[in-house]
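For ligands, and for the atoms within them, numbers begin at 1 and follow the listed sequence.
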Amino acid sequence: MKDILTAPFMVEMIRTITNMYNHGWDERNGGNVSLMVNENEIAEYIDVSNTLREIPTGFNASDLAGKYFLVTGTGKYFKNVQYDPAKNMGLFRLNGDGTTAELLWGYSDGGKFTSELPAHLMSHTARLKVNLNNRVVMHCHPANLLAMTYVHSLEEREFTRTLWQMCTECIVVFPDGVNVLPWMLCGTNEIGAATAEKMKTARLVVWAQHGIYGAGADLDETFGLIETAEKASEIYMKIAHLPMKNTIKDEDLKVLAEAFKVEYRKGYLE
Ligand code: 13P
Ligand code: ZN
């Protein structure tokens, strides 16, 4: 068997998580990432018939039965993932009804997957129904997005429009906009189901006073989504207290959508 730390998906996961930490999005154990991998991507690296441990998921993820996921561990620091990937992440297969994670690699100190597994797996299910190529769900705590949820309306159309107005490329990067959940207790099946419901119509879901979820086809795309929304929030937080002299008008946003051939969220522009 080849060394799993050399597998392209593993290298990309470690680089992305390290980059998230370096962006200041993941203090302490803040944030979690799940990457769906195909059996043929891991076959050379691990014996998929050798289950190390069985860990209950705490809910029914039957839509994802038999799928493989690389997921960050609960309580683990993104800062440390690059130095000890096997302690800070785990790779498992979901059993037939999705109620058990069959651990194949990782969580080497006896740990387990993130406390936000419900939000991750339920979001994977929701996004796969919209885009068969969805592979990634990413959660983190970027400071400006979080700050914005204290001072801006949480109404989704208003929140999205403000972000679109902050940088020219926002409407091109996330034409589906940003959905928003009010403050809720994290780490529960309830917030998982609420997040997945919001994921049906957008790839970005803000958790007010907590952080953001992004979903996408690969780690780069998902990172870029959050990076773009966070940049827009940063601009907003720099200017919100100053007199506004200019903005990107709705007619400009429409021109952008047309030029880049993206379908923006219905009813979000005047
Ligand atoms: P975990 O350490 O369980 O992944 O939780 C971190 C977090 O961001 C909770 O929302
Ligand atoms: Zn969090």
(request) Can you measure from CD (E221) to CD (E227) and round to the nearest 0.5 angstrom? (result) 13.0 Å
(request) For atom 7 (C) of ligand 1, find the nearest protein heavy atom and state the residue, atom name and distance (0.1 Å precision). (result) N32 ND2, 3.5 Å
(message) Side chains of V178 and L163, heavy atoms from C-beta outward: is any pair under 4.5 Å?
(response) yes
(message) I'd like to know if R157 and E270 make a salt bridge, using a cut-off of under 4.0 Å between side-chain N and carboxylate O.
(response) yes
(request) Determine whether more than 12 heavy atoms belonging to other residues, nucleotides or ligands lie under 6.0 Å from atom CD of E27. (result) yes
(request) Give the residue and atom name of whichever protein heavy atom lies nearest to atom 9 (C) of ligand 1, and the separation in Å to one decimal. (result) E116 OE2, 3.1 Å
(request) Heavy-atom contacts with S115 under 4.0 Å: which atoms of ligand 1 show up? List them by number with element. (result) 1 (P), 3 (O), 5 (O)
(message) So that I can tick it off, tell me whether R265 and D176 are bridged by a salt bridge, with the cut-off set at under 4.0 angstrom between side-chain N and carboxylate O.
(response) no
(message) Within the 4.5 Å heavy-atom criterion, are Y268 and E156 side-chain neighbours or not?
(response) yes
(message) For G187, state whether at least one heavy atom is located under 4.0 Å from any atom of ligand 1.
(response) no
(request) Indicate yes or no: does an N/O atom of K76 lie under 3.5 Å from an N/O atom of ligand 1? (result) no
(request) Counting heavy atoms only, name the option from G73, G111, A119, G75 that's nearest to atom 2 (O) of ligand 1. (result) G75
(request) Using a cut-off of 6.0 Å, state whether more than 12 heavy atoms not belonging to K254 lie near its atom NZ. (result) yes
(message) The criterion is salt bridge (Lys or Arg N to Asp or Glu O under 4.0 Å); which residues satisfy it with E263, sequence neighbours excluded?
(response) none
(request) Measuring from the Zn ion (ligand 2), count protein N/O/S atoms under 2.8 Å, please. (result) 3
(message) Can you tell me which portion of N29 lies within the under-4.0 Å heavy-atom range of ligand 1? Options are side chain, backbone, both, or neither.
(response) both
(request) Output the distance between atom OG (S108) and atom CG (L103), rounded to the nearest 0.5 Å. (result) 9.5 Å
